Amino acid sequence: MSTDVRVRFAPSPTGYLHVGGARTALFNYLFAKHTGGTFVLRIEDTDRTRYVEGAVKEIFDSLRWLGLSWDEGPDVGGTSGPYVQSERLDIYKKRTQDLLDSDAAYRCFCTPQRLEEVRLAREKAKMLTGYDRHCRDLSKEEERRLLDGGAPFVVRFKVPAGRSVVFLDMIRGAIEYKTEVLDDLVILKSDGFPTYHLANVVDDHEMKISHVLRGDEWISSTPRHVLLYEAFGWTPPHFAHMPVILDPSGGKLSKRKGAASVMDYKNRGILSDALFNFLALLGWSPGGGDEREKMSRQEIINAFSLEKISPKSAVLDEKKLDWMNGLYMAESTAERLAPDVCKLWKEKGVVTVDRDETDPYLLGVIRLFKDRSKRVTEIADNAVYFFKDPDDYEPKAVQKHFKPETVLVLRELMENIGSLASFGAKQLDALYHDYAARTGISVGELVHPTRLAVSGVSFGPGLFEMMELLGKDAVMRRMDRAIETIRT
RNA sequence: GGUCCCUUCGUCUAGUGGUUAGGACACAGGAUUUUCAUUCCUGCAACAUGGGUUCGAUUCCCAUAGGGACUACCA
């Protein structure tokens, strides 16, 4: 079956792409790539009231940024199009008619008010909520009369009585439902649009989807879908339901509580490779004693299998994401990081908007910071002093390193630096060590005040590399300024 | 309320009918380093509870508890 694998990711354009959705897409992608199958992207826009302008683009952008490219979809086409449900209305109408013809479905003329009343009454009586099948046995004459009167209607599926529906979830095993708990679901709405249930079943069949990998909120709808396949005389696909991703308090990830969408993570300085790797490991692991954590896309694809997906929901640990992102930051190059970092610098007004991203100075700064930063944003935040002299100095560090006698030391260092033949990290290193040896002052006691004078903070890249990049003029000017500060 | 799903360190997880229950992140301590970060040691820390089945259960079964999903003319 390996080459027959066809999977799909089917988001509805109601907003941004949530990381939970992104991971479902990721697992679909991984399964397709692992099996040499096809990854289809389908837009489920059958609810016109929830449609959000720009959502499709946001979803496309998020998936592309994460590196999840699809083989068939709205923009790239394919043999099973169209891939947007609102463009497939005729298909659903025809299929609905098929069901009506075979007496597997019926028109329901109940008003929303009546439905509401029934629901409340049933709830009160502690009965199963859901439709009471009022229109299921309408006579032909009655139906004709209502139809001729122009009464609005929906089409409902006739759930057979006294049956049990069993389906196999690839990561949970067999799941069984009695049809008693299933009500007659709406398959075609009064506006002529299909509901998710119908559209989903029809499309998955027509698009020859072999495996449906979706969020586990769909488990309880699956028996209805199985019944629909049955009514159409189709073989259902394989099902596998992905667990949800939670925030640290155990609730759903939400924008309110922090990052929730793929773009949130991007904007907060997470790298695509890192998020890909991290999300893959959330709810899945290679198993079999394989304890790799940092894995390339190809390694993940090679090791992936649906059976190793865990059925339990997982909490997204941002600390671990940071750790992994740091690994990818260090591994990346200044050139690759530059566009993202520069964008942040430009937003902060640290560099002018027309500044060239391939500027060697900029790349030099990034190179100095990337190994010690966990996120792209960290570089942008911590490297500001490379673009302007420090306005003030870190108070705690001042107490520790700016002492009256520091003035003398800095002055002498400046004199030495002034007479340096060439201003480079190596020479500076030698100079500091020589000076330390000559005076008996420890290197640390020279380095710390210099660092504070030059950068304004007590931490950062290697001092001598930093000085070299900053250049002699800036270094001398800042040291001079620090001396003034100490004296006053 | 009903139906269904889930349950190994704080978090992500590996794993087995008999193991000192392994790794990673985080945390704590130490070493290295001019700072920070890295790196390297060390430490801390888990099989939800109760019944079975079994010579033996973390592992298999059943309950209970806790968490979650669904219960729309939303997906």
Side-chain angles (χ1 to χ4, degrees), chain A residues 10-14 44-47 49-50 85 108 110 112 115-116 119 123 126-131 152-156 169 172 175-178 180-183 185-197 199-200 214-223 241 243-244 246 248 250-252 278 281-294 308 310-324 326-327 330 369 371-374 378 382 397 401 429 432-433 436 442-448 450-452 455 457-464 466:
Chain A
S12 67
T14 54
E44 310 221 320
D45 59 343
T46 54
D47 185 353
T49 61
R50 293 207 311 160
Q85 290 187 328
C108 167
C110 292
L115 259 20
E116 178 66 9
R119 194 182 64 77
E123 209 165 81
K126 291 206 193 322
M127 287 169 70
L128 245 48
T129 54
Y131 184 54
F153 65 90
V154 299
V155 177
R156 288 183 183 271
D169 181 285
R172 271 164 260 261
I175 296 176
E176 178 180 359
Y177 278 84
K178 306 259 180 253
E180 275 65 49
V181 302
L182 273 23
D183 67 348
L185 60 146
V186 173
I187 55 175
L188 198 74
K189 303 183 232 178
S190 55
D191 63 1
F193 276 65
T195 58
Y196 170 83
H197 304 293
N200 159 274
R214 79 233 291 196
D216 69 6
E217 68 270 24
W218 293 110
I219 291 179
S220 51
S221 296
T222 306
H241 292 93
V244 296
L246 307 171
K252 278 187 185 169
F278 184 79
L281 252 26
L282 204 58
W284 173 83
S285 73
D290 186 343
E291 284 174 340
R292 285 177 296 172
E293 298 259 19
K294 182 165 177 297
K308 297 303 292 180
S310 161
K312 61 178 282 210
S313 51
V315 172
L316 193 152
D317 180 1
E318 281 212 24
K319 285 260 182 61
K320 187 158 185 176
L321 210 207
D322 279 344
W323 162 76
M324 185 167 276
L327 258 31
F369 276 89
D371 287 3
R372 45 179 32 81
S373 301
K374 298 206 177 297
E378 214 174 299
N382 290 337
H401 303 301
D429 193 322
Y432 271 65
H433 279 89
S442 74
V443 178
E445 284 175 273
L446 304 176
V447 165
H448 297 312
T450 309
R451 171 184 296 285
L452 189 57
S455 73
V457 292
S458 62
F459 60 93
L463 176 66
F464 307 121
M466 191 167 115

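Quick note on labels: first sequence line is chain A, next is B, and so on, each numbered from 1. Small disclaimer: the values here were computed from a predicted structure and weren't measured.
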Hey, does A:Ile219 reach any base, or is it just sugar-phosphate, or nothing, if we go heavy atoms under 4.0 Å?
sugar-phosphate
Can you work out whether A:Cys110 or A:Lys312 has the more 5'-proximal nearest nucleotide on RNA chain B?
A:Lys312
Counterpart residues, side-chain hydrogen bond (donor to acceptor under 3.5 Å, both in side chains), relative to A:Asp290 (two or more places apart):
A:Arg292
If the condition is side-chain contact (heavy atoms from CB on, under 4.5 Å), which residues does A:Leu188 pass it with, not counting sequence neighbours?
A:Thr96, A:Val155, A:Pro194
Could you list the residues that satisfy side-chain hydrogen bond (donor to acceptor under 3.5 Å, both in side chains) with A:Glu378, not counting sequence neighbours?
none
What residues form a salt bridge (charged side-chain N to carboxylate O under 4.0 Å, His left out) with A:Glu291, not counting sequence neighbours?
none
Is any side-chain heavy atom of A:Leu182 closer than 4.5 Å to one of A:Pro223?
yes
On RNA chain B, check which nucleotide each of A:Leu246 and A:Lys374 is closest to and give me the residue with the more 5' one.
A:Lys374
pair_partner(B:rU7), Watson-Crick or wobble, both distances < 3.5 Å, evaluates to B:rA65
Pairwise P distance, B:rC4 and B:rU38 [rounded to whole Å]
49 Å
Report the base-pairing partner of B:rC36 (Watson-Crick or G-U wobble, both distances below 3.5 angstrom), or none.
none
Atom C1', compared across B:rG22 and B:rU58: separation rounded to whole Å:
14 Å
Scan every strand shown for a Watson-Crick or G-U wobble partner of B:rA28, both distances under 3.5 Å, and answer none if you come up empty.
B:rU42
Check every strand shown and say whether A:Gly462 touches a base, only sugar-phosphate, or nothing at a heavy-atom separation below 4.0 Å.
base
Please classify the nucleic acid contact of A:Pro13 as base, sugar-phosphate, or nothing, using heavy-atom distances under 4.0 Å.
nothing
Which nucleotide span of RNA chain B, 5' end to 3' end, has atoms closer than 4.0 Å to non-hydrogen atoms of chain A?
B:rG2 to B:rA75
Give A:Gly288 one of three labels, base, sugar-phosphate or nothing, depending on what nucleic acid heavy atoms sit under 4.0 Å from its own.
sugar-phosphate
Answer with base, sugar-phosphate or nothing: what part of the nucleic acid does A:Tyr432 contact at a heavy-atom distance below 4.0 Å?
nothing
In the strands shown, is B:rA75 matched to any nucleotide by a Watson-Crick or G-U wobble pair with both distances under 3.5 Å, and which?
none
Check: A:Asn382 and A:Phe459 side chains under 4.5 Å, non-hydrogen atoms
yes
Take atom P in B:rU59 and the same atom in B:rG51, then report the distance between them in whole Å.
13 Å
If the P atom of B:rU8 is compared with that of B:rA48, how far apart are they to the nearest Å?
6 Å
Is there a side-chain contact between A:Pro286 and A:Leu281, using heavy atoms and a 4.5 Å cut-off?
yes
Using a heavy-atom cut-off of 4.0 Å across all strands, would you classify A:Pro461 as base, sugar-phosphate, or nothing?
base
Check every strand shown and say whether A:Lys308 touches a base, only sugar-phosphate, or nothing at a heavy-atom separation below 4.0 Å.
sugar-phosphate
How would you label the contact of A:Ser190 with the nucleic acid (heavy atoms, under 4.0 Å): base, sugar-phosphate, or nothing?
base
Plane angle bin for A:His197 and A:Trp218 - parallel if under 30°, tilted between 30 and 60°, otherwise perpendicular:
perpendicular
Which is true for A:Ser458 with a 4.0 Å heavy-atom rule: it touches a base, it touches only sugar-phosphate, or it touches nothing?
base
Just call it for A:Val186: base, sugar-phosphate, or nothing, with non-hydrogen atoms closer than 4.0 Å on any strand.
sugar-phosphate
Assign A:Glu176 to base, sugar-phosphate, or nothing according to its heavy-atom contacts below 4.0 angstrom with the strands shown.
sugar-phosphate
NA contact type, A:Ser442, heavy-atom cut-off 4.0 Å: base, sugar-phosphate, or nothing?
nothing
Using the C1' atom as the reference point in each nucleotide, state the distance between B:rU19 and B:rU71 in Å, no decimals.
45 Å
Sugar-phosphate, base or nothing in reach of A:Arg156, heavy atoms under 4.0 Å:
sugar-phosphate
Using the C1' atom in both, what is the distance from B:rC44 to B:rC36, to the nearest Å?
26 Å
Quote, to the nearest angstrom, the C1' distance that separates B:rA46 from B:rU20.
15 Å
Contacts of A:Lys320 meeting salt bridge (charged side-chain N to carboxylate O under 4.0 Å, His left out) (sequence neighbours excluded), chain-then-number -> A:Glu293
How would you label the contact of A:Arg172 with the nucleic acid (heavy atoms, under 4.0 Å): base, sugar-phosphate, or nothing?
sugar-phosphate
